[in-house]
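Before any comments, here is the structure.
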Amino acid sequence: MARVFMILAGLTGAAGVGFSAMAAHALQDQLTAQAVDWVETAGTYLLLHAPALAICAILAHRRPHRMPLAAGTLFVLGLAGFSGGLLLLALAELRPAIAVVPVGGTLLLLGWLALAVIGLTWPRNRQDS
């Protein structure tokens, strides 16, 4: 699963750059200002969470425990719900997609809390000080 998370981290970062660039340049004349904002926000969240997903991949590879897998899964599902929902809303005008955006945001928050739990359970030794 660590390998999958790392692949998804790279794809997430690339998608974040792509959607952010589209919002800044290509979509200005094609979508409403609100829709462009949604694409920009989706891209920003993809970019912000790609490194977190990469960290989950590294942790899952080095410490094969449940919590890095849980955090990574929460990030993947959260990004699908939050950024995916915003993109569906902006690009496909799929109004029901707005319902999954807050669920996705909650899952992203839980992913960050799962990383905090990893830190709380991190073994203490001289190398960690």
Side-chain angles (χ1 to χ4, degrees):
M1 196 62 163
R3 181 175 182 264
V4 171
F5 285 160
M6 189 59 78
I7 292 167
L8 289 174
L11 293 174
T12 297
V17 170
F19 285 117
S20 295
M22 285 173 57
H25 305 291
L27 299 177
Q28 297 291 328
D29 297 330
Q30 298 175 359
L31 299 176
T32 67
Q34 178 65 66
V36 171
D37 284 345
W38 287 331
V39 174
E40 184 177 358
T41 299
T44 299
Y45 272 73
L46 289 166
L47 284 170
L48 289 172
H49 290 84
L53 191 51
I55 288 169
C56 292
I58 293 166
L59 290 172
H61 181 71
R62 295 187 71 198
R63 300 178 71 211
H65 297 288
R66 290 184 188 153
M67 198 54 72
L69 297 176
T73 301
L74 288 165
F75 285 134
V76 169
L77 295 175
L79 287 169
F82 186 82
S83 292
L86 287 176
L87 291 168
L88 286 172
L89 188 61
L91 301 175
E93 297 181 13
L94 189 62
R95 286 300 204 203
I98 196 70
V100 299
V101 174
V103 174
T106 300
L107 293 172
L108 291 173
L109 176 67
L110 292 172
W112 286 108
L113 292 174
L115 279 182
V117 169
I118 293 168
L120 288 171
T121 61
W122 204 271
R124 290 186 166 228
N125 61 39
R126 290 185 196 166
Q127 294 174 355
D128 291 340
S129 347

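Sequential numbering from 1 along the given sequence is applied to the chain's residues. Computed over heavy atoms, backbone and side chain alike; hydrogens, waters and symmetry mates excluded. Since the model is a prediction, treat every value here as computed from it, not as a measurement.
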Out of curiosity, does V103 fall in the hydrophobic cluster containing L113 (side-chain heavy atoms, cut-off under 4.5 Å, transitive links)?
yes
Treating Ile, Leu, Val, Met, Phe, Trp and Tyr as nodes and any side-chain heavy-atom pair under 4.5 angstrom as an edge, say whether I98 and V39 lie in one connected cluster.
yes
With a cut-off of 3.5 Å and sequence neighbours excluded, list every side-chain donor-acceptor pair involving residues 48-55.
unit_1	atom_1	unit_2	atom_2	d
H49	ND1	Y45	O	2.8
H49	NE2	W112	NE1	3.0

Only pairs at least two apart or in different chains count here, so list each ring pair (Phe, Tyr, Trp, His ring centres under 6.0 Å) that has a residue in residues 10-31.
none
Which atom of A35 lies closest to which atom of L31, heavy atoms considered
CB-CB, 3.8 Å
Listed once per pair and sorted, the ring pair (Phe, Tyr, Trp, His ring centres under 6.0 Å) pairs that draw on residues 84-106, sequence neighbours left out
none
V17: side-chain contact (heavy atoms from CB on, under 4.5 Å) partners, not counting sequence neighbours:
L47
Using atom types as modelled, flag every donor-acceptor pair under 3.5 Å from a side chain in residues 71-97 to any protein atom, sequence neighbours excluded.
unit_1	atom_1	unit_2	atom_2	d
T73	OG1	L69	O	2.7
S83	OG	A42	O	3.1

Under 4.5 Å between side-chain heavy atoms, counting indirect links through other Ile/Leu/Val/Met/Phe/Trp/Tyr residues: same cluster for L109 and L115 or not?
no
Could you measure the distance from the CG atom of L27 to the CD atom of E40? Nearest 0.5 Å is fine.
10.5 Å
Hydrophobic clustering (ILVMFWY, side-chain heavy atoms < 4.5 Å, transitive) - are M67 and W122 grouped together?
yes
Could you pull out all residues at least two apart from H65 that satisfy side-chain contact (heavy atoms from CB on, under 4.5 Å)?
R63, P68
Of all heavy-atom pairs between A57 and M6, which one has the smallest distance, and what is that distance?
CB-N, 3.5 Å
